[in-house]
Visitor: 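So that we are looking at the same thing, I have put the structure below in structure tokens.
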Amino acid sequence: PDLLDLMRKAVRMRDHLADNHKDVHNKVKLTHVDSKIWRLSKYYNKVGKLPKDWRYNPEEAALIIKA
């Protein structure tokens, strides 16, 4: 659930940035959220909770969240 929550947050932030291009603070925070997702997925791959070939893709995450 924590990885899914971070992915939801990133999708919402990307939707916000699509409308508000000049929101510099949100762009920075989006990079922070993306790095959290990368680090958490790397840990879950190491522990075995995620498949070894799983990679984070923002477009696929948006499809997963909105489905």
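Throughout, numbering of the chain's residues begins at 1 and tracks the sequence.
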Visitor: Under a 4.0 Å N-O cut-off, is there an ion pair linking R12 with D15?
Guide: no
Visitor: Quick one: NE2 on H32 to NZ on K27, what's the gap to the nearest 0.5 Å?
Guide: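 Between atom NE2 of H32 and atom NZ of K27 there are 14.5 Å.
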Visitor: Quick one: pull up CE in M7 and NZ in K36 and give me the separation to the nearest 0.5 Å.
Guide: 15.5 Å
Visitor: Please determine whether residues V28 and L30 belong to a single hydrophobic cluster, defined as Ile, Leu, Val, Met, Phe, Trp and Tyr linked transitively by side-chain heavy-atom distances below 4.5 Å.
Guide: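 No, V28 does not connect to L30 through the hydrophobic network.
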Visitor: Cluster question for you: counting only ILVMFWY and a side-chain heavy-atom cut-off of under 4.5 Å, with indirect links fine, are V24 and V33 together?
Guide: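 V24 and V33: separate clusters.
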Visitor: Between L40 and D2, is any pair of side-chain heavy atoms under 4.5 Å apart?
Guide: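 Counting from C-beta outward, L40 and D2 do come under 4.5 Å.
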Visitor: Only distances under 3.5 Å count here; give the side-chain donor-acceptor pairs of residues 53-65 to other protein atoms, sequence neighbours excluded, each with its distance to 0.1 Å.
Guide:
| residue | atom | partner | partner atom | Å |
| --- | --- | --- | --- | --- |
| Y56 | OH | D34 | OD1 | 3.4 |
| N57 | OD1 | E59 | N | 3.4 |

Visitor: State whether the side chain of K52 and the backbone N or O of N45 hold a donor-acceptor pair below 3.5 Å, judged by distance alone.
Guide: yes
Visitor: Is there a side chain to side chain contact (heavy atoms under 4.5 Å, CB included) between D23 and L17? Walk through the geometry before answering.
Guide: CA-CA 7 Å; D23 191 357; L17 278 175; 4.2 Å; yes
Visitor: In Å, rounded to the nearest 0.5 Å, how long is the span from CG of N20 to NE2 of H25?
Guide: 13.0 Å
Visitor: Are the side chain of K9 and the backbone of L4 linked by a donor-acceptor contact shorter than 3.5 Å?
Guide: no
